[in-house]
Each structure stands twice: as structure tokens, then as C-alpha cells.
Protein chains: 2
Amino acid sequence: MRYQKVPDETIRRLPRYLRALLFLQQRKTESISSQKLAEYVQLNSAVIRKDLSHFGAFGKRGTGYNVSLLSKTIRDILKLNKPQKTVLVGAGRLGTAIASFPGFKRYGFDITAIYDNSKAKIGGKIGDTTIKSTSRLADIRRSEIKMAIIATPPDAAQETADILVENGVTGILNLSSCYLKVPKRVKVRTIDLAMELSMLPYYS
Amino acid sequence: MRYQKVPDETIRRLPRYLRALLFLQQRKTESISSQKLAEYVQLNSAVIRKDLSHFGAFGKRGTGYNVSLLSKTIRDILKLNKPQKTVLVGAGRLGTAIASFPGFKRYGFDITAIYDNSKAKIGGKIGDTTIKSTSRLADIRRSEIKMAIIATPPDAAQETADILVENGVTGILNLSSCYLKVPKRVKVRTIDLAMELSMLPYYS
DNA sequence: TCCTGTGAACTTGTTCACAGCT
DNA sequence: AGCTGTGAACAAGTTCACAGGA
């Protein structure tokens, strides 16, 4: 399904809500008000109500939102209701950390393929997944992988992205410290940890 | 120095400019127009001109900006002109990846202390830095560390943040998957990689 | 009474477009 | 001619405030 004119910022916040809701589900909480949820995710409650209202009205006045219904709904909106096959390119320290990180699985991502160009690493394993040579990267086409994480050095990132996009990837989490040129239909999220840190001293 | 009313978004973009400028300096480029710089950082050129104009007028009409002057100016604004002592808490896979990552040093961050609570890791080294016990975390007060990176499991993150803030930290890059409560004077940037990935399937 | 859903007001950020300097 | 710096127009996002359902 596709919704008309949902602000980007709303989509960016949905995972935050989902994280809080998963936590609340563990706690067996049945319903939650926008006010309470706002405390968890450190936002104004009106933002939450407006965000959710884009997808229909599933809150109950006087009570709030049903936790498990809302959690399911957000997973549906974000297409996290089925496992999202994901490829990781770059099995350096950062790549390895990511592949071993349980958080991705919890949100529905399944890292089903890992590629690296270092002979020393190819054939090795991270968890259950064997590291394959980047020369075979185009093989992902057959496994219908749509999501990718790039954790290569910057000079390999663009080439990697090109091959990924050519072979069916439509979403990229780019952890290399450079911007990628991709067709408009492909969504890229670039995170450079050094740059995120760099803005902090200004405020001190 | 402090500037009046600089938008947050401007501060967030300065590191992007800096990254491009460092690259251009390597290439021995002497000056660059907002137009060209905009291509590098994938922004509209007017954004760049407006951002920079908050800090004074150091472009030359007809020519553009002097690369090394601008690079120095941005480092000054961001307080990256002197090494920023930084503490890393959490020496798991992600923490180790970060401590070994050369990018931080390039932007002026010096990871001078690393803490972890695992007996197996305490006393070990990452690069030249010895891992110390989190029970000694308050020691950072003496070294005048202002910046911190939290790469602990979520359940340790808030406690860690409290001790850091108590002992002089004013900027935190929080890589744990939970939000932190800190006094207003402290700036926190939270990055949860799983959440960054979670917004991508929506657009596919 | 409690809390949602939402128009309207407000705030913040972006883009345009051009005067004026080099 | 080329490019900056900036007011003015525009767009996006946030907060307020309240009618109305449970």
C-alpha cells in the first residue's frame, strides 16, 4: 500500500515508535497514550498523533493506542512484517560488528549475504553466513535482496552501490564516509559516525 | 566565540562541508564555488552560501571560497582546531570498530580513554589505549574530557551517561538503542543503525 | 474525565532571484 | 562574466488548542 503525502519526517519517526512499542509489548502493556509514548521517544505528543493519523485513526479516545495493534500496523507500513533480506558489503571491523548485532533481526532484517574483497576473509563466516568475494556481488540478483548495508572503505563505496542497484537493491544504508550517486527510485541513508560526532563540540 | 541564532541544520551541515574541503585540500584545489561544493555534498548551492554567511563573508565574488581558509574557519567554528579528547565507553565489536577507525582522528578527535565492564577486556588494548574498568569511569574528570561515545548495551547506557555528565562531558554520541535523559546543557546525538535501516523498505 | 484527531497559527528551513563586488 | 550574500517568497514541519468520541 502507498499513502498520499506522508512527510519524510513521519517515516523517519515510525521506527522510533516501533522500538518503544516492542519494549512495551515485552512489558505486557496493552495500551498507551500519545502522551506516555512521547516521553519514551522524547517527542511532543501532538507529533505522534499527527504522524499516526496519516495512516488512519486507530487510537481510542480516553484510552490511547492498543500497543500490539499499533506495533503491527507500523510494521506493516514500514514493510517490516516479513523478513527483509539484506546484504552486507564490507566485513571489516564495522561490518562484522553490524553482522553480529542482534538489533537488525529484531526489526525484521535478515543479513543473508556478506561480501568482502579481502582474500583472507572470503570463505570465513560471521555467525552462520559465509563471506563471499565481492567479484560475485551480482549474484544477489537471484536471491531477490532489496536492502543493503555498505561498510566498505570510501573508495569502494560508489562502485559497490552501482552493482547493488543494478541487481535489484532499492534501499542502502551507507556507512562509508562519502555520498553515493544513485537513481531516484533508490533510497540511500548515509551515516558517517565521525561527522555525527563533529557537530557536538560546537555546543560545548 | 558564539554566533547569534545559527540554525541547527547549519551546524549539522558544517562537518559535511569540512569533509569535502579536506578532500579538496588533498587534491591541492585552491578555491571552490558554492555550486561545485554543492555537487560534492549533494545540496543546493544557496544552502551553502546561506550557511556560511552566518559566520561572516569569506567568499570572493567571481571566484568562490578559498579552500584552506574555509576549512580552517569551519574547524574553528566547530571547535575542531585543537584535538578534542574523547572517551569511548563499551569495547564490544562496535566500540572496537570505532576506536580503530581513523576517521575520528582526522576530524580532531582523540580517543584518549576506553572503558568496559568485562573482566576479559579490562587491561587489554585497542591501538595504544588500554581498556579500563567502568568502575573507574569517574576518573575522566581529571583528564578534562568533554566528548564521549557510548557503545554499551542499552541497559547500561543511561547510567553511563549520568557518570559522564557528572564528570564534565558535554557532548555524547550515543550508539546504544535507547534515548538518554541529560541536562539541557549537554548535547546528545543518538544513532541507532537498526532504526536508520528500518525506514528504507517503506520507499521500496 | 481522558485522550484522540485535526484545523489553524506558528516556527523553522529552503529556494529563488538579483543587486553588487571582483 | 562569474559568483557571493541576502531579502523575499515559499515549503515543510511543529505546536497549539479544542471539538467531540469513549
Side-chain angles (χ1 to χ4, degrees), chain A residues 3-17 20-21 24 29-71 73-74 77 179 184 187 199 202-203, chain B residues 3-17 20-21 24 29-71 73-74 77 179 184 187 199 202-203:
Chain A
Y3 308 87
Q4 35 160 14
K5 216 54 208 104
V6 178
D8 265 3
E9 292 299 314
T10 294
I11 299 303
R12 184 168 295 176
R13 280 187 295 262
L14 291 181
R16 294 170 65 164
Y17 305 155
L21 291 165
L24 290 165
T29 311
E30 288 200 351
S31 67
I32 184 134
S33 66
S34 59
Q35 188 58 243
K36 273 274 165 56
L37 186 55
E39 285 171 33
Y40 276 101
V41 297
Q42 301 192 1
L43 289 171
N44 177 309
S45 65
V47 171
I48 296 180
R49 292 200 299 280
K50 190 151 277 190
D51 280 349
L52 298 179
S53 74
H54 284 107
F55 307 100
F58 24 73
K60 274 207 175 48
R61 296 171 190 217
T63 321
Y65 299 87
N66 178 293
V67 171
S68 58
L69 172 63
L70 185 54
S71 146
T73 308
I74 292 179
I77 295 166
Y179 294 100
K184 263 212 222 70
K187 189 83 179 175
M199 37 168 292
Y202 174 83
Y203 296 95
Chain B
Y3 308 86
Q4 34 159 16
K5 219 51 208 105
V6 179
D8 266 3
E9 291 300 313
T10 293
I11 300 303
R12 184 169 294 176
R13 281 187 293 261
L14 291 181
R16 294 170 66 163
Y17 304 156
L21 290 164
L24 290 165
T29 312
E30 289 199 350
S31 68
I32 183 134
S33 66
S34 59
Q35 188 57 244
K36 274 275 166 57
L37 187 54
E39 285 170 33
Y40 276 101
V41 297
Q42 301 193 2
L43 290 170
N44 176 308
S45 64
V47 171
I48 296 180
R49 292 200 299 280
K50 188 151 277 186
D51 280 348
L52 297 179
S53 73
H54 285 107
F55 308 100
F58 23 73
K60 274 208 174 47
R61 297 173 188 216
T63 320
Y65 299 86
N66 178 293
V67 171
S68 57
L69 172 64
L70 186 54
S71 147
T73 307
I74 292 179
I77 296 165
Y179 293 101
K184 264 211 221 72
K187 189 82 179 177
M199 38 168 292
Y202 174 82
Y203 296 95

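The chains referred to below are lettered A, B, ... by the order of the sequence lines, with proteins before strands, and numbering in each begins at 1.
Listed nucleotides: D:dA22, D:dG13, D:dT4. Nearest to the side chain of A:D8: D:dG13. Distance from the side chain of A:S53 is smallest to C:dT6 among D:dC3, C:dT6, C:dT15. Listed nucleotides D:dG5, D:dG13, D:dC16 differ in distance to A:P7; the shortest reach to its side chain belongs to D:dG13. Here the nucleotide nearest the side chain of B:K50, chosen from C:dG5, C:dT15, C:dG13, is C:dT15. Residue B:R49 has its side chain nearest to D:dT6 when only D:dT6, C:dT6, C:dT15 are considered. The side chain of A:A46 lies closest to D:dT15, out of D:dC3, D:dT15, D:dT14.
Positionally, the nearest nucleotide of DNA chain D for B:L52 lies more toward the 5' end than for the other of B:L52 and A:R61.
Using a 4.0 Å heavy-atom cutoff across all strands shown, B:R12 reaches no nucleic acid atom at all. The residue A:S34 sits close only to the backbone: its heavy atoms come under 4.0 Å of sugar-phosphate atoms, none of a base.
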field: Stepwise salt bridge (charged side-chain N to carboxylate O under 4.0 Å, His left out) check, A:R12 with A:E9
entry: CA-CA 5 Å; A:R12 184 168 295 176; A:E9 292 299 314; 3.8 Å; yes
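In this entry the distance linking CG of A:L70 with P of C:dT4 reads 11 Å, nearest Å.
Under 4.0 angstrom from either OP1 or OP2 of D:dG13 there lies no side-chain N or O belonging to A:N44.
The two atoms that bring A:V67 and A:I32 nearest to each other are CG2-CG2, 4.0 Å, heavy atoms only. In terms of heavy-atom proximity, A:A20 sits nearest to A:V41 at CB-CG1, 3.9 Å.
A donor-acceptor contact closer than 3.5 angstrom links the side chains of A:R49 and A:S45.
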